[in-house]
Amino acid sequence: MRKASVRRTAGIPVVPGRPFIGNTLEFLDRPLGFFIDAYHTHGPVFRMSVPMTRAVVVAGEAAEQVLRAGAPNLERTGLFRPFAEEVGVDVFERAGPEHRRVRGLLRLPYSKQVAAQFVAEMAQVVDDMADHWHPGEQLDLFAVASKLALHASMAVVTPMSLRDWAEDISRAGNAVMYAAFRLLPESTLKIPGYRRARLRMQQVIDEAIARHRRGDFGDDPRTYMIDACLQAGGALDHAAIRGACFYALAGSEIYIGRLVGFMMFELLKNPRFFERVVAEVDQAWALDNGPEFRRMPYLRAAYFETLRCYPLIPAFPYRANADTMISGHAIANGQLLLLVPHIAHFTGAHYDNPLVFDPMRHLPPRRESANERLFAAFGLGAHACSAQGMVEQIALTLVCALIRRVRLEPVRPSLRLQLRMTPLIAPHTPILLRAHPRGAGHINGETSLTPPDFHGPTDWRHGLTKLPHQTVVSAQAGTVLQTAGEPVTQLVVILAGEVAAESDAGTFILRAGHVIGEQGLLKGSLARVTYRAQTEVSMVVLSCQEFVELVTQHDLTAADIAALAMQPRAGE
């Protein structure tokens, strides 16, 4: 795709449209179907038009190749200006070293590890809302899921209650997203109602940031999103921290809420597979240390199949900043391009029966999406979503909490889903469900199936199959591994033996698989508990730097690290 290779070729095919409005209505009414049909009809490169704009669409493997190569001769300058100006942090348009710097600073705030600390609080959000549902009451699935996602993300951002400002956050977030994706004019952002909502949103987040700076929540050992942002020192200014929090809140409502809605919709349409998920959830949630999602293959297979079938952002916009060549077509300097790599999700060359929701395709022996090149739900390349772990943690927590609390049944079981852009992909009409109190271990009156072995091997979608640095050490009985009141300097994964955790609240015993030190390392705080070996202990010890690298570079949680450390090793 170098400039020197540009040569004139036959014209790029054009998708027929209507006078003046081009392909606008078809795209808004069938965003995925429009791209899929055009790809099969016109090939991987074609033109579409909306009022005053004609874009070149690059789809499937052609788009994947452009993104993997770093999108040379393409840029995003100006394409997301409304978002950057309104939110206060620009993570979409920047490129090169500055883009890598900003993404690096946001890796910890948007990591799975930060969100994983608040599973109980996020599950409580579901319980609090379900307390107000009457047996048999009709619910709008996507409206409920969006509200749950917003309130769950609030629990991750700060312990200060943001619930009274949920309506303002929702209104401001939706307006910004609509304007950023050019589905509404920028003048929408001048409407007094929006401006008032945005101001109130900014004021409450400013207050939360100020309280975290003062140390008002210092007694809480956990690291909230604002804490993680502040750990960057002065590298993230106040506007950027506020913007990062607002983006997480608004993005959770619009993106994670819809992801949860689609996942629940499809699970309810597949009752036999749903039984496996429910059995898995019941067993996982019964464990003392809570659910470990990477050891829940059916749940996560449904999650990845939802991402495959419903890539919520249908296209990624770029603009050519030089004459260039893509898949044999000459692209002129200044041309708007829409890259659609996830069309590969819907081609028979990569997936068997690709238009059917089939979670089993992600499990052995099929594992159809094991080739990451063919799975682009979060984008690809330098601009791929940096919050993938956070999205997964919040979405799976909410799905599990719903499954545990209520039994949902569709009001219209035979409803066929139709999609539209509002501002991301969403159903045309409300998906109505009835909510009933759930009898333990039952779905639709049938006993749940026996779940798979919860203690099986870690799943394939995590890139690491072992820890990069794994030295096993031993400690004799009586050895103090960590002393209350002293700085936390290492992460300890217990492989064998027993460790006593001693505090004012009493003493309890940790055994194989438990982790020591993750909260202190994340927050940079002093240890609150003394840990003493009760027996000879075998353990893996990681430095603070090694732990943070695994959290930020590989998006692992402390539980993930423990699972990797516990994997059988050669010769054992």
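Every value quoted in this text rests on a predicted model; they were computed, and no experiment measured them. In this chain, residues are counted from 1 in sequence order.
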In the structure I gave you, are the side-chain heavy atoms of [X] and [Y] within less than 4.5 Å of one another anywhere?
| X | Y | value |
| --- | --- | --- |
| Met360 | Arg366 | yes |
| Val391 | Leu259 | yes |
| Val114 | Met390 | no |
| Tyr194 | Glu86 | yes |
| Asn353 | Val356 | yes |
| Met177 | Ile254 | yes |
| Tyr318 | Leu338 | no |
| Arg361 | Glu305 | yes |

Any donor and acceptor pair, going by atom type alone, linking the side chain of [X] with main-chain N or O of [Y] inside 3.5 Å?
| X | Y | value |
| --- | --- | --- |
| His329 | Val45 | no |
| Thr188 | Leu184 | no |
| Gln335 | Ala332 | no |
| His350 | His345 | no |
| Arg258 | Leu424 | yes |
| Asn270 | Phe273 | no |
| Gln117 | Thr223 | yes |

Check against side chain to side chain contact (heavy atoms under 4.5 Å, CB included), Val399 and Tyr303: CA-CA 10 Å; Val399 168; Tyr303 172 75; over 6 Å; no
Measure the spacing between [atom1] of [X] and [atom2] of [Y] and express it to the nearest 0.5 Å.
| X | Y | atom1 | atom2 | answer |
| --- | --- | --- | --- | --- |
| Tyr310 | Leu32 | OH | CG | 9.0 Å |
| Tyr247 | Ser252 | OH | OG | 9.5 Å |
| Leu199 | Gln202 | CG | CD | 6.5 Å |
| Lys112 | Asp560 | NZ | CG | 5.0 Å |
| Leu417 | Phe262 | CG | CZ | 5.5 Å |
| Met154 | His151 | CE | NE2 | 4.5 Å |

Determine, stepwise, if the pair Glu549 / Gln545 fulfils side-chain hydrogen bond (donor to acceptor under 3.5 Å, both in side chains). CA-CA 6 Å; Glu549 285 180 355; Gln545 180 180 350; 3.2 Å; yes
Identify whether the distance between the nearest side-chain nitrogen and carboxylate oxygen of [X] and [Y] falls below 4.0 Å.
| X | Y | answer |
| --- | --- | --- |
| Arg68 | Glu64 | yes |
| Arg107 | Asp555 | no |
| Asp168 | Arg198 | no |
| Arg242 | Asp206 | yes |
| Arg300 | Glu392 | yes |

Start with the C-alpha gap between Phe346 and Phe35, add the side-chain angles, then the distance that decides, and say whether ring-ring contact (aromatic ring centres under 6.0 Å, His included) holds. CA-CA 10 Å; Phe346 305 102; Phe35 283 129; over 10 Å; no
Starting from the C-alpha separation in whole Å, work towards a yes-or-no answer on side-chain hydrogen bond (donor to acceptor under 3.5 Å, both in side chains) for His362 and Glu368. CA-CA 6 Å; His362 300 278; Glu368 293 177 8; over 6 Å; no
Is Arg101 atom CZ crowded by more than 12 heavy atoms from other residues, nucleotides or ligands, each under 6.0 Å away?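 Yes - once you tally the heavy atoms of other residues, nucleotides and ligands closer than 6.0 Å, there are more than 12.
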Is it true that, when you exclude Glu167 itself, more than 12 heavy atoms of the residues, nucleotides or ligands shown sit nearer than 6.0 Å to its CD?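 Counting neighbours around CD of Glu167, 12 or fewer heavy atoms of other residues, nucleotides or ligands fall under 6.0 Å, so no.
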Is the terminal nitrogen or CZ of Arg308 (NZ for Lys, CZ for Arg) located under 6.0 angstrom from the six-membered ring centre of Phe375 and within 45° of that ring's axis?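 Not satisfied by the 6.0 Å and 45° rule.
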Taking all atoms of both residues into account, what is the closest heavy-atom pair of [X] and [Y], and its distance?
| X | Y | value |
| --- | --- | --- |
| Leu556 | Gln113 | O-CB, 3.9 Å |
| Val56 | Arg47 | CG2-NH1, 3.9 Å |
| Ala62 | Ser327 | CB-OG, 3.3 Å |
| His428 | Asp29 | NE2-O, 3.2 Å |
| Ile241 | Leu236 | CD1-O, 3.7 Å |
| Ile425 | Pro311 | CD1-O, 3.1 Å |

Establish, yes or no, whether a centroid distance under 6.0 Å links the rings of Phe118 and Tyr224.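 Here the rings of Tyr224 and Phe118 have centres that are less than 6.0 Å from each other.
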Given Tyr39 and Phe46, is the ring-ring contact (aromatic ring centres under 6.0 Å, His included) satisfied, shown in steps? CA-CA 8 Å; Tyr39 173 83; Phe46 52 88; 7.8 Å; no
Give the C-alpha distance, both sets of side-chain angles, the deciding distance and a yes or no for side chain to side chain contact (heavy atoms under 4.5 Å, CB included) between Thr422 and Asn174. CA-CA 9 Å; Thr422 59; Asn174 274 275; over 6 Å; no
Check step by step if side-chain hydrogen bond (donor to acceptor under 3.5 Å, both in side chains) holds for Glu253 and Ser170. CA-CA 7 Å; Glu253 180 189 21; Ser170 177; 2.6 Å; yes
Determine whether Thr77 and Arg319 satisfy the following criterion, side chain to side chain contact (heavy atoms under 4.5 Å, CB included), listing intermediate values before the conclusion. CA-CA 8 Å; Thr77 304; Arg319 195 179 302 279; over 6 Å; no
Among all residues two or more places apart in sequence or in another chain, which pass the side-chain hydrogen bond (donor to acceptor under 3.5 Å, both in side chains) test with His40?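 By the side-chain hydrogen bond (donor to acceptor under 3.5 Å, both in side chains) rule, His40 matches no residue at all.
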Please evaluate residues Ile205 and Leu249 with respect to the criterion side chain to side chain contact (heavy atoms under 4.5 Å, CB included), reporting the C-alpha separation (whole Å), side-chain torsions for both, the decisive distance (0.1 Å), and the verdict. CA-CA 11 Å; Ile205 295 179; Leu249 294 167; 4.1 Å; yes
